[in-house]
Amino acid sequence: MMAEIRAARKEQSAEIARLIMMAMTDDCCLYFCGEGYGLDDFRQMMTRLVERDDSQYSYLNTLVAMDGNTIAGISVSYDGGKLHDLRRAFIEEAQKTIGKDHTGMDDETQAGELYLDSLAVLPEYRKRGIATQLLLATKCKAEQLQLPCLGLLVDKDNPIGEALYTSAGFRYANDSLWGGHPMKHLVL
């Protein structure tokens, strides 16, 4: 199936936030929440972050794979050199919404890299080539932005995701820890 890959629109923010959370996993989302906060609180926060222009999760950083009017999948990526500026929105929203201060969070990317923050495809659209389409479109975005490297983190407990990335040409760079999970940093 060939999906139409295009830039996201602000009014798609709630659907995009849901897919970002799918990419992050529930455990990871809960890891970021403060005491007494849950997935609904995190979803509300993520929706606001997607709606913002100055967030790493912004709709402006998102490509959507469309099947008619349905968002079948998303790719959220941004210039790794802008991480600290973009992360301020997350830190502000987290303090307000989920009661946790994330100012000391480790960096998951760096300058010179288009960082693929989130890639997700709805379960009913998987195994149709949509993730590969999104990866190719994200690679084109890196080229357009003249960033020499496309990088991402994949959970060490996600062999299916890792197989997708390595089949697309990504290679192992180093180990990392993010969201309470051991990760592999892969680059293309």
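Only this structure's heavy atoms are used, side chains among them; waters, hydrogens and symmetry mates stay out.
Taking a 6.0 Å sphere around CD of Gln146, one finds it holds 12 or fewer heavy atoms contributed by other residues, nucleotides or ligands. Heavy-atom contacts from other residues, nucleotides or ligands closer than 6.0 Å to CD of Glu124 number more than 12.
The aromatic rings of Phe32 and Phe42 lie parallel to each other, their planes meeting at an angle below 30°, with 60° marking the opposite boundary.
Considering only heavy atoms from C-beta on, Ile74 stays 4.5 Å or farther from Leu119 through its side chain. Residues Asp107 and Arg87 are in side-chain contact: their nearest non-hydrogen atoms beyond the backbone lie under 4.5 Å apart.
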Self-check item: Residues Glu93, Lys100; criterion salt bridge (charged side-chain N to carboxylate O under 4.0 Å, His left out); working and verdict
Solution: CA-CA 9 Å; Glu93 288 287 344; Lys100 203 157 180 190; over 6 Å; no

Exercise. Could you go through the salt bridge (charged side-chain N to carboxylate O under 4.0 Å, His left out) check for Arg9 and Glu15 one step at a time?
Key: CA-CA 11 Å; Arg9 297 186 324 266; Glu15 293 169 85; over 6 Å; no

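Looking only at atom types and distance, the side chain of Lys184 has no donor-acceptor partner in the side chain of Ser176 under 3.5 Å away. Using modelled atom types, one finds no donor on one side chain facing an acceptor on the other under 3.5 Å when comparing His84 with Gln56. No side-chain donor-acceptor contact under 3.5 Å links Arg48 and Ser13.
Minimum heavy-atom separation, Ser55 to Arg52: CB-CB, 4.1 Å.
One finds no salt bridge joining Asp53 and Lys10 here, because no Lys/Arg side-chain nitrogen approaches an Asp/Glu carboxylate oxygen to under 4.0 Å.
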